[in-house]
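Below: one structure, written as structure tokens.
Since the model is a prediction, treat every value here as computed from it, not as a measurement. Sequence lines set the chain letters: A, B, ... in the order given, protein chains first and strands last, and positions in each chain run from 1.
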Amino acid sequence: MLFRKIKEFFIEQLIFFSGIASIVFVLLIFFFLLKEGLGLFKTVGLWDFLSGQFWYPISDPPKFGILPLILGSLVVTLGAIVIAVPLGIAAAFYIAEVASPRVRDVLKSLIEILSAIPSVVLGFIGMMTLVPFIKWIFDLPTGLTALAGSLLLAFMALPTIISISEDSINAVPREYKEGAIALGATHWQTLYRVTIFGALPGIIAASMLGVGRVIGETMAVMMLTGNAAVIPQSLLEPVRTLTATIAAEMGETVKGSEHFYALFVIGIVLFVISFAINVTADVFLHKNRK
Amino acid sequence: MPRSETKVKFSLHDVNIRYKTIRAVKDLSLNIYEHEILSVIGPANSGKSSFLRCLNRLNDFEAYYHQTGQICLEGKDIYRQISAEDLRKRVGMIFALPIPLPLTIRENVLYGPRRAGMSRRNFEQIVEDSLTAASLWDEVKDRLDTLGTKLSGGQQQRLCIARMLALQPEVILFDEPCSGLDPISTARVEETMLELKEKHTIVLVTNNTKQAARVGSRTAFFLMGELVEVGDTGGIFTAPRDQRTNDYITGRFG
Amino acid sequence: MNVQIKQKIGFGVLFAATLLVVVPIVAIIGLIITKGWSAISWEFLFSMPKDGMRAGGVFPAIVGTFYLVSGAILFSLPIGVMAAIYLNEYAKDNALTRLINLAIINLAGVSSVVYGLFGLSLFVVFFKFGVSIISGSLTLGIMTLPVIITTTREALRAVPKSFRQVSFSLGATRWQTVRHSVLPFALPGILTGAILSIGRAAGETAPILFTVAAFYVPDLPKSPFDQTMALPYHLYIISTQIPNIREDYRYGTALVLVGLVLIVNISATIVRARYRRKKW
């Protein structure tokens with residue numbers, strides 16, 4: 001009896017500490033990014049870092065301005081979202097409202113397959129197909145452009161956008177739809193006059209999580225965008241994103257150098273962005289549930 | 001009736017139950033005597049289920065549950081002097097729908113004994129005795145290792161009774177045990193209840209006033225969280241003291 | 001315009017959009033299989049790379065990925081399952097629970113390269129594990145935690161509340177109830193989550209970039225503190241860093257990685273499908 005009580009006490013302690021482990025890990029991530037990153041601000045001002053137009057980490061003297069990287073991420077993300085959001089929402093409506101159950105199952109498993117393909121594989125396929133195609137069709141010196149990144153990232157954001165939108169479309173109460181149909185509306189009219197408004201918070205959340213997925217994506221974007229750290233002028237030029245900068249340069253830095261610190265500060269920037277996006281998206285998701 | 005000679009099993013004193021702002025049970029004081037079947041009747045949301053579930057502290061898990069007053073089992077406060085686990089071993093419960101766990105018939109019966117750490121040597125005997133007491137043994141003795149969920153509804157409910165009996169509880173709480181059963185299965189469960197009365201104290205919450213009249217030795221009538229009237233079943237059904245009781249048993253509402 | 005025609009056009013547009021999504025998926029899988037199939041051979045799967053990785057096989061990368069994923073799941077499965085048990089079976093609806101949920105959402109959203117930075121800073125540098133399998137596994141483990149927690153939680157939620165009531169009513173303690181009336185019946189769902197996170201961990205590149213991945217190691221790893229090659233990183237290297245590699249060699253590597261991940265995912269789907277058919 002006593003032995004069992006002690007055993008249960010320890011198991012329940014373990015369960016409790018595992019429960020709060022997620023909080024601990026988030027704090028650890030933030031703390032260790034800060035620990036390595038703050039060293040940069042001994043020599044570089046925060047504002048200069050964020051608004052500096054030049055990222056020359058290994059020139060002498062080095063310049064650590066991440067504005068071109070922020071804009072690079074922004075351009076690629078905007079491009080991806082403009083493509084992925086309408087496409088994803090349309091596909092979600094087709095899957096949830098139009099497709100027969102059997103077709104729906106096939107479509108859903110295909111989209112699950114897409115979400116399972118590692119980003120490095122998609123990056124590789126993009127390099128082999130998308131990049132030469134863009135080079136040829138726009139007659140460019142290189143196909144490694146913001147556009148290539150946007151297209152592939154749009155593709156990669158689709159599973160997130162589709163599955164969450166579909167859930168929220170399915171969550172719209174049947175009575176709404178049936179009420180509209182009973183009043184003589186066609187299925188299509190019901191869909192764009194009733195269902196879409198019921199599902200709107202979920203669709204917004206889906207789009208935001210899609211943005212989060214795109215901003216954080218690293219490998220594919222590094223392999224496709226050409227990685228030129230200049231302020232982007234058009235979608236048809238090479239750009240460099242925040243994530244790709246970390247991935248491409250960390251291997252070459254010396255631990256404790258300004259460059260090393262600077263890459264961690266970029267990590268903090270990314271962490272803060274994803275934090276903001278995910279918290280806001282969660283607020284919308286909760287709205288949808290009510 | 002010679003109430004003074006029979007032992008008091010449960011005594012409730014000034015019990016109030018709230019869920020957030022909803023008062024489910026109001027100022028309830030009541031004794032439950034050994035070897036009686038106390039039938040509890042009343043319309044939906046009259047507080048009869050909340051009352052039943054506070055006897056084995058199953059309400060503890062409800063969100064925003066708040067209870068005041070004192071409940072004693074054989075003179076001991078069930079919140080202060082008995083652990084919840086021990087209380088529930090002594091006070092068994094049967095739910096409205098039969099809920100066999102997706103385990104074999106044998107393992108369903110042994111669920112309580114195993115958790116209580118009882119000696120394995122007696123397990124075979126416990127299985128046979130419990131199933132016999134629940135009048136299920138003859139039907140299932142050759143297939144103790146099939147899933148309990150494969151039995152018919154009436155058999156499932158009797159399996160649940162056997163499972164509960166395996167712990168040899170002193171008190172048995174029935175929470176509308178026949179609401180999902182056909183008349184024949186209901187009759188069998190009622191028979192079992194009358195047999196169990198010999199060794200156990202029974203509290204039966206039911207929506208079916210006829211069932212209360214058939215099996216209850218005493219009957220309590222709840223309305224909107226209030227105990228309106230309690231007395232010998234014969235008296236309640238033939239000469240209720242309160243007009244509301246009369247209205248309910250004659251079917252004017254509820 | 002006639003409403004029926006409008007509906008036809010509307011549904012047509014939706015259908016076209018859906019095609020635009022799924023056709024490339026089929027095309028990508030088809031491309032990888034047709035172009036990579038010729039490279040797959042016994043030698044390719046089970047031998048070391050040769051000639052500056054332009055020939056030979058991908059065996060050390062397969063082994064490395066196996067080690068990394070095993071380590072990750074060994075770390076994250078117990079913590080993740082217990083965290084889900086805490087949230088679903090113990091936690092009350094209070095500020096702490098909301099904070100935990102917030103943390104899980106954020107863990108799920110953090111960029112994979114940020115996990116890489118974190119792993120570098122905490123495991124490689126601070127704990128002095130160096131660039132090693134253990135650093136990489138732990139980093140991947142923390143990254144897969146949200147997947148395991150969420151899927152386990154769903155599985156626990158799917159176990160009827162009445163099972164818990166029955167167990168409590170038979171005098172079981174809370175832990176006994178979880179252990180004997182909830183966990184056994186949630187097991188297939190938990191398994192699905194574990195398998196899915198294996199697939200996820202196997203394909204990740206960015207978190208292992210600075211924590212474990214080696215360009216080329218002549219020997220297979222012998223201890224958790226060794227560096228190792230890994231399939232996704234190997235594919236990244238041979239497709240960006242090494243010129244003049246035969247195309248089928250690259251596609252072959254991609255096929256091995258995708259094949260691995262898809263087999264893992266399909267087995268998760270099978271487990272889930274069998275489990276859904278079961279009704280309590």
Side-chain angles (χ1 to χ4, degrees), chain A residues 8 11-12 14-16 18-23 25-26 28-29 32-33 35-36 87 90-91 93-95 98 107 110-114 116-121 124-125 127 155 158 186-189 212 215-216 218-219 223 243 246-247 250-251 255 264 267 270-271 274-275 277-279 282, chain C residues 3-4 6-7 10-11 13-15 17-18 20-22 24-26 28-29 31 79 82-83 85-87 90-91 99-100 102-107 109-114 117-118 121-122 125 142 145 173 175 199 203-206 209-210 232 235-236 239-240 250 254 257-258 261-262 265:
Chain A
E8 284 191 12
I11 290 175
E12 293 186 339
L14 219 57
I15 286 175
F16 174 71
S18 300
I20 58 172
S22 299
I23 300 179
F25 286 135
V26 170
L28 274 180
I29 292 175
F32 273 86
L33 291 178
K35 175 177 169 289
E36 305 289 354
L87 208 56
F93 270 104
Y94 186 80
I95 292 170
V98 187
L107 291 173
L110 277 173
I111 284 159
E112 232 169 273
I113 287 179
L114 172 59
I117 301 176
S119 71
V120 66
V121 172
F124 164 68
I125 295 293
M127 276 177 60
F155 195 51
L158 281 169
T186 62
H187 188 178
W188 168 249
Q189 286 169 330
I215 288 190
T218 309
M219 296 314 290
M223 292 162 87
T243 50
I246 301 174
M250 184 50 86
K255 187 195 160 318
F264 271 92
L270 281 168
F271 183 84
S274 67
F275 192 93
I277 289 176
N278 284 292
V279 170
D282 192 56
Chain C
V3 285
Q4 292 302 327
K6 264 194 191 166
Q7 165 153 327
F11 286 173
V13 171
L14 296 187
F15 179 67
T18 310
L20 222 52
V21 175
V22 294
I25 304 174
V26 178
I28 287 174
I29 299 293
L31 186 72
I79 295 184
M82 283 196 292
I85 290 176
Y86 176 74
L87 287 169
Y90 286 87
L99 208 60
I100 294 174
L102 193 69
I104 293 170
I105 291 161
N106 278 295
L107 278 184
V110 171
S111 164
S112 53
V113 76
V114 173
L117 286 181
F118 166 65
S121 171
L122 180 65
V125 178
I142 294 176
L145 211 50
T173 61
W175 167 246
E204 279 294 341
T205 318
L209 276 177
F210 335 122
L235 176 62
Y236 169 65
S239 50
T240 59
R250 287 177 174 167
L257 180 55
V258 169
V261 169
L262 288 190
N265 271 274

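Contact of C:Ile100 with chain A is made through backbone and side chain together, with heavy-atom distances under 4.5 Å. Residue C:Val261 touches chain A through its side chain alone, counting heavy-atom pairs closer than 4.5 Å. Residue A:Leu158 touches chain C through its side chain alone, counting heavy-atom pairs closer than 4.5 Å. In this structure, the portion of C:Phe210 lying under 4.5 Å from any heavy atom of chain A is its side chain and not its backbone. Proximity to chain C (any heavy atom under 4.5 Å) is shown, for A:Ile215, by neither the backbone nor the side chain. The contact between A:Leu87 and chain C is made by backbone and side chain atoms together, counting heavy-atom distances below 4.5 Å.
Under the 4.5 Å side-chain criterion, counting only non-hydrogen atoms from C-beta, A:Phe93 is not in contact with C:Val13. Side chains of A:Val98 and C:Thr18 form no contact here, defined as non-hydrogen atoms less than 4.5 Å apart. Contact check for A:Ile113 versus C:Leu262: side-chain heavy atoms found under the 4.5 Å cut-off. No side-chain heavy atom of A:Phe32 sits under 4.5 Å from any side-chain heavy atom of C:Val125. Put simply, the side chain of A:Val279 reaches to within 4.5 Å of the side chain of C:Leu102, judged on heavy atoms. No side-chain heavy atom of A:Tyr94 sits under 4.5 Å from any side-chain heavy atom of C:Val21. You'll find the side chain of A:Ile117 reaches within 4.5 Å of the side chain of C:Ile29, heavy atoms only.
Taking CG of A:Leu28 as the reference point, atom CD1 of C:Ile142 lies at 7.0 Å (rounded to 0.5 Å). We find the CD1-CG distance between A:Ile23 and C:Leu99 to be 4.0 Å, quoted to the nearest 0.5 Å. Note that the CG atom of C:Leu14 and the CD1 atom of A:Ile95 stand 10.5 Å from one another [nearest 0.5 Å]. Distance check: C:Ile25 CD1 to A:Leu110 CG gives 5.5 Å after rounding to the nearest 0.5 Å. Within the model, atoms OH of C:Tyr236 and OG1 of A:Thr218 stand 10.5 Å from one another, a figure rounded to the nearest 0.5 Å.
For A:Glu12, there are no salt bridge (charged side-chain N to carboxylate O under 4.0 Å, His left out) partners, not counting sequence neighbours. Taking the ring pair (Phe, Tyr, Trp, His ring centres under 6.0 Å) definition, one finds that C:Tyr90 meets it with nothing, sequence neighbours left out.
Interface remark: of the candidates A:Ser119, A:Ser18, A:Gly216, A:Ser18 forms the most heavy-atom pairs closer than 4.5 Å to chain C. Chain A forms the most heavy-atom pairs under 4.5 Å with one residue out of C:Val113, C:Thr240, C:Val114, C:Ile79, and that residue is C:Val113. Annotation: maximal heavy-atom pairing with chain C below 4.5 Å, among A:Met127, A:His187, A:Glu112, occurs at A:His187. Note on C:Ser112, C:Ala103, C:Ala254: by heavy-atom pairs under 4.5 Å with chain A, the leading option is C:Ala103. Your options are C:Val22, C:Ile104, C:Leu107, C:Leu31, and the one with the most heavy-atom pairs under 4.5 Å with chain A is C:Leu107. Among A:Gly251, A:Ala116, A:Ala21, A:Gly212, the residue with the largest count of heavy-atom pairs under 4.5 Å with chain C is A:Ala116. When the candidates C:Ile85, C:Asn265, C:Leu20, C:Leu235 are compared by the number of heavy-atom contacts under 4.5 Å with chain A, C:Leu235 comes out ahead. Ranked by heavy-atom pairs shorter than 4.5 Å toward chain A, the options C:Leu257, C:Leu145, C:Val26 are led by C:Leu257. Of the listed residues (C:Ala91, C:Ser111, C:Gly199), the one with the most heavy-atom contacts under 4.5 Å to chain A is C:Ser111.
When all heavy atoms are compared, the tightest approach of C:Ala17 to A:Ala91 is CB-N, 4.4 Å. Residues A:Val120 and C:Pro232 come closest through the heavy atom pair CG2-O, 3.5 Å. Pairing each heavy atom of A:Met219 with each of C:Leu209, the nearest pair is SD-CD1, 4.2 Å. The shortest heavy-atom contact between A:Ile11 and C:Trp175 is CD1-NE1, 3.4 Å. Considering all non-hydrogen atoms of both residues, C:Val3 and A:Gln189 come closest at CG1-NE2, 3.4 Å. Across all their heavy atoms, A:Ile29 and C:Phe118 have their closest contact at CA-CD1, 3.5 Å.
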**OP:** Check step by step if side-chain contact (heavy atoms from CB on, under 4.5 Å) holds for C:Leu122 and A:Phe25.
**Re:** CA-CA 11 Å; C:Leu122 180 65; A:Phe25 286 135; over 6 Å; no
**OP:** Test A:Glu8 against C:Thr173 for side-chain contact (heavy atoms from CB on, under 4.5 Å), laying out the working first.
**Re:** CA-CA 9 Å; A:Glu8 284 191 12; C:Thr173 61; 2.9 Å; yes
